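Scroll down for the structure; my scribbles are underneath it.
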Amino acid sequence: MPRLLVALAALTVTACSAPAPATPLVTPPAAVVQLPAVPVPGRDPHSFARPDEVRVDAVELDLTVDFEAHVLRGSATLALTRAAADAPLVLDTRDLAIERVEVHLPDRTDWVATTHALAGSHPILGQALTVDLPAGADRVRVHYRTSPASTGLQWLAPEQTSDRAGEFLYSQSQAIHARSWVPCQDSPGIRVTVAARISAPAPYRAVMAAEELSNETGPNGHVVRTFKLDQPIPAYLLALAVGRLESVQLGPRTAVWAEPGVLPRARSEFADLEAMLTAAEAAVGPYRWGRYEVLVLPAAFPFGGMENPRVTFVTPTILAGDRSLVSLIAHELAHAWSGNLVTNATWRDFWLNEGFTVYIERRILEALYGRERAEVEAVLGREHLELELADMSDRPGDQILHLDLSGRDPDDAVTDVAYEKGALFLRRLEQAYGRDAFDPFVRAWFDRHAFTGQTTEAFRAFLSAELDAPLLPGQTAPDLDRWIEAPGLPDDAPRPQAESLTVAADAARSFAAGRKIDARAFSPLQWIHFLRALPLTDGPRPAAAILAELDAAYRFTATGNAELLSEWLILAARHGYRPADARIREFLTGVGRRKYVLPIYDALLATPEGAALAREIFAVARPGYHAITRGSLDALLGAP
Ligand code: BES
Ligand code: ZN
């Protein structure tokens with residue numbers, strides 16, 4: 001399905017090596033910036049920053065939330081380490097209005113104005129902001145405001161929230177959207193500590209991916225809350241949500257946030273959160289972020305989950321009522337190690353974040369719910385990866401773990417290759433050397449590289465230096481070049497097995513052949529596998545007739561499990577099963593999770609009636625989608 005994800009921005013642009021302007025001025029943005037085709041060695045091609053010259057170590061935000069204008073306004077104060085005495089500070093920005101820039105000099109108490117230049121706009125990277133630094137300046141303060149179009153923020157009207165009781169704002173900074181709400185060095189290899197002061201109108205509550213320190217009544221009916229995060233994080237983990245949010249404690253270190261009407265369901269869905277945290281620590285070492293909370297966002301959120309430190313943001317579509325989708329929480333929790341503690345140095349190393357995370361996610365599930373449950377996820381994961389690799393057959397470069405992303409939007413890296421091929425590679429290593437050797441290796445990877453960004457090359461070096469145990473009997477060493485640098489799935493890729501899914505696949509074939517099946521006790525994940533295994537095109541009966549019969553027996557169109565529903569609606573759309581059209585319309589207008597909506601729209605395009613329906617729904621739903629989902633759909637369906 002994510003042939004679509006990849007049909008996105010394949011724009012040709014790369015790193016920035018343009019010299020700083022000789023006479024920096026406050027300049028209006030020039031036309032589109034052209035960048036050299038060859039990236040500067042050692043720099044991140046998705047950032048204008050030059051951390052080797054001047055590095056930002058701490059960010060202090062002072063922002064006011066304006067729900068009428070849909071902007072954040074205020075300042076970002078950045079503490080610097082200067083390695084090159086004469087070099088300016090170069091920051092990433094996008095859609096920011098820069099009002100003025102000041103510097104702090106150690107021998108003065110007041111702030112002094114300095115000059116800055118905002119470069120022309122690059123279609124993927126945004127605008128470099130170059131700030132002149134007088135000798136000795138150790139801090140910079142940028143006064144700015146965001147734009148209603150800032151891609152890292154979504155402003156929701158009350159009708160787009162669950163309770164429909166008020167407005168909502170949330171950020172989504174990964175991969176390179178932090179720069180659209182904070183002027184920063186937006187590269188995952190650069191880490192900052194965070195302090196923030198957020199002023200928001202009173203009925204609303206600001207929650208940050210940080211520790212709340214205080215709250216007080218501010219001017220104009222606002223409440224001002226302060227936050228801090230002492231653990232240094234990359235900019236893509238900066239996060240803020242403001243809405244009618246309440247929380248309940250779940251365990252000593254865990255809690256859940258949601259709109260009041262959603263809170264009871266959230267509380268029961270995430271009852272295992274504390275146990276999950278304990279299981280994760282047993283698997284990969286101490287949790288270093290203090291608390292672990294989950295915040296349930298409105299349904300427009302374009303992802304399933306986002307591992308913001310201390311508070312994972314999730315889609316409400318995870319609330320299935322039966323805890324069947326909690327693997328998503330195990331996944332986001334695993335990022336507290338793979339991603340947040342040890343981070344991909346650049347987006348081409350994204351598989352280090354996600355492959356490790358999927359691997360650890362399944363170790364957590366195995367510890368909590370047993371081997372079969374973890375294997376079910378692994379089988380479904382490999383199955384989906386194979387579908388996606390087939391869709392990518394004309395793009396071998398995208399099938400490589402160590403992806404070449406120069407000139408491309410890093411949001412393009414979000415495919416099953418990073419996630420599932422990455423996890424299979426780690427599982428292959430586990431299989432070759434055994435858990436007795438592999439588990440300490442994984443722990444050492446996190447301990448020794450805590451709070452740093454790491455490259456694929458560094459991983460390979462660490463692997464050859466540290467995983468020096470003998471191979472288990474009958475095992476061979478995996479071919480690292482084949483796994484890391486070559487397309488496709490190597491022949492030695494592990495094949496997970498789950499008995500309950502074999503039963504489901506057998507049932508699917510029997511059903512299509514017109515035989516009776518006993519599926520009353522199937523879990524949602526068994527049904528997903530059943531639907532994927534259903535032979536719909538090569539048998540004597542029309543697909544729509546098989547779907548109608550299935551729907552009559554098992555009521556898929558009415559299911560409240562979003563993962564299963566999306567799988568069902570893909571089939572319904574592709575095979576023109578019209579009784580599902582109303583549900584398709586309802587789902588596509590109510591939910592913004594890209595992984596769900598994109599394949600359904602794509603499947604609708606398979607028939608003329610479906611294509612007409614897709615365009616009609618999109619015209620209505622488009623304004624409510626997050627910029628990320630909207631961008632992907634524009635690429636599929638054409639922007640209006
Ligand atoms: N960090 C990712 C989400 C992400 C990746 C956002 C890249 C922007 C760019 C998150 O951990 C994730 O992988 N979410 C998945 C869920 C998971 C269970 C596979 C999602 O949103 O579907
Ligand atoms: Zn992830």
Side-chain angles (χ1 to χ4, degrees), residues 1-2 5-6 8-9 46 124 151-152 154 170-178 180 186 188 209 233-239 276 294 296-297 299-309 311-318 320 324-344 346-362 364-365 374 377-378 380-381 384-385 388 403 405 408-423 525 562-563 566 591-599 626-629 631-632:
M1 56 174 81
L5 297 191
V6 197
L8 306 187
H46 294 109
I124 296 173
T151 54
Q154 190 177 18
Y170 71 92
S171 69
Q172 166 56 42
S173 299
Q174 197 181 9
I176 56 169
H177 301 279
S180 77
D186 195 3
I233 55 162
Y236 80 88
L237 294 175
L238 289 170
M276 242 182 215
V294 172
V296 184
L297 288 171
F301 185 48
F303 294 104
M306 178 63 214
E307 65 272 25
N308 297 315
V311 54
T312 282
F313 286 9
V314 296
T315 167
T317 62
I318 186 186
S324 57
L325 305 181
V326 292
S327 62
L328 191 147
I329 299 293
H331 178 95
E332 304 312 334
L333 175 59
H335 273 306
W337 290 266
S338 45
N340 300 6
L341 191 59
V342 182
T343 309
N344 47 211
T346 71
W347 296 112
R348 68 169 311 197
D349 310 302
F350 182 59
W351 78 273
L352 283 177
N353 269 21
E354 296 298 345
F356 259 106
T357 295
V358 171
Y359 174 80
I360 295 164
E361 163 199 335
R362 295 192 181 136
I364 295 172
L365 293 177
E377 298 284 342
L380 293 173
H384 201 266
L385 169 64
E388 205 169 295
L403 193 58
L405 275 175
R408 299 177 65 181
D409 189 324
D411 285 346
D412 278 7
V414 191
T415 74
D416 277 349
V417 172
Y419 288 77
E420 297 293 343
K421 184 179 174 183
L525 298 184
E563 194 83 18
S566 78
V591 172
R593 185 172 175 187
R594 183 171 69 169
K595 173 186 147 188
Y596 290 160
V597 303
L598 211 53
H626 185 282
I628 290 177
T629 298
S632 302

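Just so you know, residue 1 is the first one in the sequence shown, and it goes up from there. Here the structure is a predicted model, which means the values were calculated and not measured. Atoms within each ligand, like the ligands themselves, are counted from 1 in listed order.
Take the N/O/S atoms of His331: the one nearest the Zn ion (ligand 2) is NE2.
Here is the list of ligand 1 atoms found below 4.0 Å of a heavy atom in His335: 11 (O). Each of the atoms 7 (C), 9 (C) of ligand 1 lies under 4.0 Å from some heavy atom of Val414. The distance from ligand 1 to the heavy atoms of Phe350 drops below 4.0 Å at these ligand atoms: 5 (C), 7 (C). Listed by number with element, the atoms of ligand 1 under 4.0 Å from a non-hydrogen atom of Gln172 are 6 (C), 8 (C).
Looking at Glu307, its side chain never comes within 3.5 Å of a backbone N or O of Pro309 through a donor-acceptor pair.
At least one side-chain heavy atom of Tyr419 sits less than 4.5 Å from a side-chain heavy atom of His331.
At a heavy-atom cutoff of 4.0 Å, ligand 1 is contacted by the side chain of Glu354 but not by its backbone.
In terms of polar-atom proximity, Arg593 is counted as a contact of ligand 1, with an N or O under 3.5 Å from an N or O of the ligand. Taking distance alone, with nitrogen or oxygen atoms compared against 3.5 Å, Gly304 approaches ligand 1 more closely than that limit. For Glu307, a nitrogen or oxygen atom sits less than 3.5 Å from a nitrogen or oxygen atom of ligand 1, counting backbone and side chain alike.
Within the coordination shell of the Zn ion (ligand 2), defined by N, O or S atoms under 2.8 Å, Glu354 is present.
Here the two rings, on Phe313 and Tyr170, have centers that are 6.0 Å apart or farther.
For atom 5 (C) of ligand 1, the nearest protein heavy atom (residue, atom name, distance) is Gln174 OE1, 3.4 Å. In this structure, the protein non-hydrogen atom closest to atom 13 (O) of ligand 1 is Tyr419 OH, 2.6 Å. Considering only non-hydrogen protein atoms, atom 10 (C) of ligand 1 sits nearest to Gly305 O, 3.2 Å. Scanning the protein heavy atoms around atom 15 (C) of ligand 1, the nearest turns out to be Glu332 OE2, 4.1 Å.
Heavy atoms of Arg594 stay at 4.0 angstrom or farther from ligand 1. Residue contacts with ligand 1: Tyr236 is excluded, as none of its non-hydrogen atoms falls under 4.0 Å.
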